[in-house]
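Below: one structure, written as structure tokens.
In listed order, ligands and their atoms are each counted from 1. Nothing fancy with the numbering, it's 1 onward along the sequence.
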Amino acid sequence: MIAPWWQAGVIYQIYPRSFQDSDGDGIGDLNGIVQRLDSLAALGIDAIWISPIYSSPMADFGYDVADYCDVDPRFGTLADFDELLAQAHARGLKLLLDFVPNHTSDRHAWFVESQASRTNSRRDWYLWRDAAPDGGPPNNWISDFGGSAWEWDGATGQYYYHAFLREQPDLNWRNPAVQVAMHDVLRFWFDRGVDGFRIDVLWHMIKAADFPDNPPNPAWQPGMGEMHRVLQFHSADQPEVHAIAAAMRDIAGGYSATGDERVLIGEIYLPVERLMPYYGGERAEVHLPFNFQLIDAPWEARALARLIADYEAALPPGGWPNWVLGNHDRPRVAAKRGQAQARVAAMLLLTLRGTPTLYYGDELGLSDVAIPYERVRDPRELREPGLGLGRDPVRTPMAWDASENAGFSTARPWLPLHEDWPTRNVAVMAEDPASILALYRQLLTARRAHPALAIGDFALLDSAGDVLAYERRQGAQRLVVALNLGAQVQHLDLPDWAGGCPPLLSTIPGPAQIEGRALRLRPNEGVILAPA
Ligand code: NOJ
């Protein structure tokens, strides 16, 4: 059986403000992405997911949508989008958009109407509630960006709910008219030819109908950010969300009937047992509920082995796994694990069983960039400063070459570049066979050449110390992946069949050392072994 593209392929996330500026305003845009498609094809990825490009006041940099069916002028036009899609497809690259169904911008025409009066026909498109008897908010729900999740509207004398900024009112997905309107948005883009969507905060979409208080979080500490004061028992992950996801899948399925499958990926930050239901039960839901576990996992061989085994064991029949090392909201892998282990992490991401999502810049080993106070842009940082919750450090411009502003823009970029951009950039690193970029390319080439890596079975191997080892197998093809997660030399006893196998690839230049069944791993080394 041939695996569908979204199982065998690798997804690459672009944060469009920071990828490539084509019109000299210091902000990336769609034409800029077109200019860099050849570079992406050369890297060897299969699909691009672009964070939101829709019309937006940019209170949350595009996650506050004012018109779902248009492109923000900062990013270009609908015609530019069509061109990008055509150019991506011409190179064999799929293109996924970011669907933001939980909330709109407060400038969206729907909300403007909803806010106009209590009797407006769109009043019930959002979540309006009377004040509590003391005049305060209807319950204790806290915005993910800090503060009450309720905003008072003096003109109509009610509060509205916003899980994020007050400029991002939550839609009322219990209202069938909202469902119809948002389904039309999916169709609008599917009709243009997109290959799927990443769905923003899917688990937030339905709240408990009677809006009870959330329980306090006994483990809360101030450094965690205010949102964690309460446990989001009633404001997220409600049973009714599954019918919502299934309806979206039905729409995607309708388009998949002609041509390649259209894929849905759900952004869901939940523990594994609560994540799995989003694959669907009797009705299919999303193809890939994002698995973010590697981002915060303890970087320790036994702990990772357990995490991987538990995740594999929890998958429902037919559920295809996926893995993520970073995104536009979380610290970069190089910042968390260091440069040496960022290479090992790359090998892990691209050799585990399941679809990998790669965050732009991680292929350069980009780390979090310290943002001077006067250049902070992220509302998350501005609202709760100094806790390390801000996301600007992971959204800095991509570095393409050693020319002005790293080839990103002719103008001052909207966020500062990393300091070592004159050497940490695509052009320089592409010439260096020892660079992390070269390693990413080799790993992606190896995945393409070895179906066992892309879609094969997975089995952990016995290992000790800092070694995480596993086997991938597809038909007669078998490979061993052995990762040294520490900075000391480690040893692994290879299975009989792999004794004497030559290394296919190492994260460190120079030959891996194998004698019979004994593999010696250098500090911070990962290797893939394959029979000659
Ligand atoms: C999740 C997105 O990834 C994040 O960037 C955004 O701020 C929130 N959802 C709100 O849309």
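Under the side-chain hydrogen bond (donor to acceptor under 3.5 Å, both in side chains) criterion, Gln341 pairs with Trp299, Asn524, not counting sequence neighbours.
Geometrically, Arg353 does not engage Trp323 in a cation-pi contact, judged by NZ or CZ lying under 6.0 Å from the ring centre and within 45° of the ring axis. Annotation: cation-pi pair Arg249/Phe197 absent, no NZ/CZ under 6.0 Å from the ring centroid and within 45° of its normal. No cation-pi contact links Arg129 to Trp150, judged by a cut-off of 6.0 Å to the six-membered ring centre and 45° from its axis.
Asp153 has no carboxylate O lying under 4.0 Å from a charged side-chain N of Arg118, or vice versa, which leaves the two without a salt bridge.
Using cut-offs of 30° and 60° for the angle between ring planes, the Tyr359 and His328 rings count as tilted.
Near Val201, meaning under 4.0 Å from one of its heavy atoms, ligand 1 places the atoms 1 (C), 9 (N). Of all atoms in ligand 1, numbered sequentially from 1 with element shown, those under 4.0 Å from a heavy atom of His103 are 10 (C), 11 (O). Counting the atoms of ligand 1 from 1 in the order shown, those under 4.0 Å from a heavy atom of His328 are 2 (C), 3 (O), 4 (C), 5 (O). In the vicinity of Arg198, heavy-atom distances shorter than 4.0 Å reach the ligand 1 atoms 2 (C), 3 (O). Set against the non-hydrogen atoms of Glu267, the atoms of ligand 1 under 4.0 Å away are 1 (C), 3 (O).
Within the structure, the closest approach of Arg391 to ligand 1 falls below 4.0 Å when heavy atoms are considered. Contact between Arg395 and ligand 1 is present, with at least one heavy atom of the residue lying under 4.0 Å from the ligand. The closest approach between a heavy atom of Phe145 and any atom of ligand 1 is below 4.0 Å. Look at His204 and you'll find every heavy atom at least 4.0 Å from all atoms of ligand 1.
Considering only non-hydrogen protein atoms, atom 3 (O) of ligand 1 sits nearest to Asp329 OD2, 2.4 Å. If you check which protein heavy atom lies closest to atom 7 (O) of ligand 1, you get Asp60 OD2, 2.5 Å. Scanning all protein heavy atoms for the shortest distance to atom 9 (N) of ligand 1 gives Asp200 OD1, 2.9 Å.
In this structure, CG on Leu417 lies 10.0 Å from CG on Asn425, to the nearest 0.5 angstrom.
Pairs of residues two or more places apart, or lying in two chains, that qualify as side chain to side chain donor-acceptor pair (under 3.5 Å) and include a residue from residues 227-239 are Asp144-Gln232, Asn214-Ser235, Asp237-Arg274, Asp237-Tyr278.
Proximity of His162 to ligand 1, defined as any heavy-atom pair under 4.0 Å, is not found for any part of the residue.
Proximity of Ser39 to Trp400: side-chain heavy atoms (C-beta onward) are separated by under 4.5 Å at one or more points.
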